[in-house]
**Q** 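Here it is, the structure in full.
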2 protein chains.
Amino acid sequence: MIIQTKKEKIGHLLMHVCRERGKTADQFMTQSKIFRGQGMMLMFLSEHEGLTHSEIAERLNISPAAATKVIKRLEEEGYIKRQSDDKDERLSRVFMQEGGRAVISGIQSSFKKLDEQTFHNFGDEDLDRLEDYLHHILTNLKAG
Amino acid sequence: MIIQTKKEKIGHLLMHVCRERGKTADQFMTQSKIFRGQGMMLMFLSEHEGLTHSEIAERLNISPAAATKVIKRLEEEGYIKRQSDDKDERLSRVFMQEGGRAVISGIQSSFKKLDEQTFHNFGDEDLDRLEDYLHHILTNLKAG
DNA sequence: TGGTATTAATTAACCAGTTAATAATAAACA
DNA sequence: TGTTTATTATTAACTGGTTAATTAATACCA
């Protein structure tokens, strides 16, 4: 009989919570005919135009390869456009297009509703404490 | 300027934490030449032999389709085997094979180390509180 | 100047998850 | 009994993430 420690139990629970949050996020996003990753990216880009792929990836805490994939899809669907830097042609800078601006407010509202639901009935103190816990976990994971 | 609420900030942080935990999990699992999803499945199966795909999926909180994929891969690599139920041929029951039993203890140790690292310096009270928070979030998400 | 090393983005090949549609079997019922 | 309905697993087509390898452009340096 394999013994599962309390920490392992919470580790699994954490992943379960994230899967559920992801599913719910996609449900909210369907109103904008978009997926959560694209929504995240558009939200970020709408506030930070002209950044390079690497800068975007770093800010969103994903790999440059993952950034490229979602950016490419958003460009193909007319939400954004890429433009290579005049002085350094290795750099590809990303800008919003009309198609993107048109859906931003819907996406913003979806994320807001999503996290209102996610943390329904959490008081300020709970949120602070949870935030501390999550930062603590990040530090632990990155320290490995 | 788009305003991000505290809850949204924590929502993003939560997903970030899960990505990092997933990456770290895979790093630990490479010692057993396996990936985290396969490791999870093997751990579970070693304690619950003879269950059907649907039962397994339900217990692991994933879709039956996701369960099928990882089970199929594990079978191809000789860790487990599937056997259809005598009385109901729709049911496919899963059993450990020697190949699977051989790696269980390594996997178990990896998960233990992973979550020791993840929750390093968390006291009992912190763990209890975090567990409560995560259950609360799950309830909120499923209530939608 | 010319050759080497670095950096940015991309592609390839994966794993892990989803929903929706399909095939096969069992159950229900007229 | 025979037809319809329900259930199980599977497949297809995705998103979203990873690492490793590749390509193209810049920077460095002898």
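Per chain, numbering begins at 1; letters A, B, ... match sequence-line order.
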**Q** Would you mind reading off the distance between B/L74 atom CG and C/dC15 atom P, rounded to a whole angstrom?
**A**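 It works out to 11 Å between those atoms.
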**Q** If you count heavy atoms of other groups shown closer than 6.0 angstrom to CD of B/Q97, is the number above 12?
**A**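 Yes, CD of B/Q97 has more than 12 neighbouring heavy atoms, counting only those of other groups under 6.0 Å.
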**Q** Please write out the pairs of protein N or O atoms and N or O atoms of nucleotides 14-17 of chain D separated by less than 3.5 Å, giving the distance to one decimal.
**A**
residue, atom, partner, partner atom, Å
D/dG16, OP1, A/R36, N, 3.4
D/dG16, OP1, A/G37, N, 2.4
D/dG16, OP1, A/Q38, N, 3.4
D/dG16, OP2, A/R73, NH1, 2.9
D/dG17, N7, A/K69, NZ, 3.3
D/dG17, O6, A/K69, NZ, 2.6

**Q** Between D/dA24 atom C1' and A/R82 atom CZ, what is the distance in whole Å?
**A**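 The distance from CZ of A/R82 to C1' of D/dA24 comes to 15 Å, rounded to the nearest Å.
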**Q** Need to verify one output field. Residue with the more 5' nearest nucleotide on DNA chain D, B/E55 or A/P64?
**A**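 The answer here is B/E55.
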**Q** Taking atom C1' of C/dA9 as reference, at what distance in whole Å does atom CD of A/E75 sit?
**A**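 Computing the A/E75:CD to C/dA9:C1' distance gives 13 Å.
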**Q** Using whole Å, what does the distance between atom P of nucleotide C/dG17 and atom CD1 of B/I71 come to?
**A**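 It works out to 12 Å between those atoms.
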**Q** Provide, to the nearest angstrom, the distance between the CG atom belonging to A/D85 and the C1' atom belonging to C/dA9.
**A**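 Taking CG of A/D85 and C1' of C/dA9, I get 13 Å after rounding.
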**Q** Could you check how far CZ of B/R21 sits from P of C/dA16, rounded to whole Å?
**A**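 Whole-Å distance recorded here is 13 Å.
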**Q** Salt bridge between A/E116 and B/K7, side-chain N to carboxylate O under 4.0 Å?
**A**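 Yes, this pair counts.
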**Q** Minimum heavy-atom separation for A/I104 to A/L42, with atom names?
**A**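 Heavy-atom minimum between the residues: CD1-O, 3.4 Å.
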**Q** Does this structure show an ion pair linking B/E20 with B/K23, if we count only N-O contacts that are shorter than 4.0 Å?
**A**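 Judged by the 4.0 Å cut-off on N to carboxylate O distance, B/E20 and B/K23 do form a salt bridge.
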**Q** Got B/H16 and A/L138 here, is their nearest side-chain heavy-atom distance under 4.5 Å?
**A**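 Answer yes - side chains close enough.
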**Q** Taking atom P of D/dA9 as reference, at what distance in whole Å does atom CD1 of B/I56 sit?
**A**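 Answer to the nearest Å: 8 Å.
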**Q** Salt bridge between B/R101 and B/E98, side-chain N to carboxylate O under 4.0 Å?
**A**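 Between B/E98 and B/R101 there is a salt bridge, with a charged N closer than 4.0 Å to a carboxylate O.
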**Q** In whole angstrom, what separates A/E20's CD from C/dA16's P?
**A**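 Those two atoms, CD and P, are 18 Å apart.
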**Q** Output a table of nitrogen or oxygen pairs between the protein and nucleotides 3-8 of chain D separated by less than 3.5 Å.
**A**
residue, atom, partner, partner atom, Å
D/dT7, O2, B/R90, NH1, 3.2

**Q** Does the distance from a Lys or Arg side-chain N to an Asp or Glu carboxylate O, for A/R73 and A/E76, drop under 4.0 Å?
**A**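 Salt bridge: no.
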**Q** May I ask you to say whether B/D115 pairs ionically with B/R21, meaning some side-chain N is under 4.0 Å from a carboxylate O?
**A**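 Salt bridge flag = yes for B/R21 with B/D115.
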**Q** State which of D/dT26, D/dT10, D/dT11 makes the closest approach to the side chain of B/K72.
**A**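 Of the options given, the side chain of B/K72 lies nearest D/dT11.
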**Q** Within a reach of under 6.0 Å around NE2 of A/H120, are more than 12 heavy atoms found that belong to other residues, nucleotides or ligands?
**A**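 Not buried by this count: 12 neighbours or fewer within 6.0 Å.
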**Q** Would you tell me if any nitrogen or oxygen in the side chain of B/K87 comes within less than 4.0 Å of OP1 or OP2 on C/dA26?
**A**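 So the side chain of B/K87 is outside the cut-off, no N or O lying under 4.0 Å from OP1 or OP2 of C/dA26.
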**Q** Just call it for B/R93: base, sugar-phosphate, or nothing, with non-hydrogen atoms closer than 4.0 Å on any strand.
**A**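 No contact.
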**Q** For the helix from C/dT1-D/dA30 to C/dA30-D/dT1, what angle separates the axis at the start from the axis at the finish, each from five pairs, in steps of 10°?
**A**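 Answer rounded to 10°: the end axes differ by 10°.
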**Q** On a heavy-atom basis, which atom in B/I137 and which in A/V17 lie closest, and how many Å separate them?
**A**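 So the minimum-distance heavy-atom pair works out to CG2-CG1, 3.7 Å.
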**Q** Does a donor on one side chain sit under 3.5 Å from an acceptor on the other, for B/Q4 and B/H12?
**A**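 Judged by distance alone, the side chains do pair up.
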**Q** Reading DNA chain D from 5' onward, which residue's closest nucleotide shows up sooner: B/T68 or A/A67?
**A**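 Taking each residue's closest nucleotide, the earlier one in sequence belongs to B/T68.
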**Q** Would you confirm whether B/Q38, through its side chain, and B/V70, through its main-chain N or O, come within 3.5 Å as a donor-acceptor pair?
**A**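 Not a single qualifying donor-acceptor pair exists.
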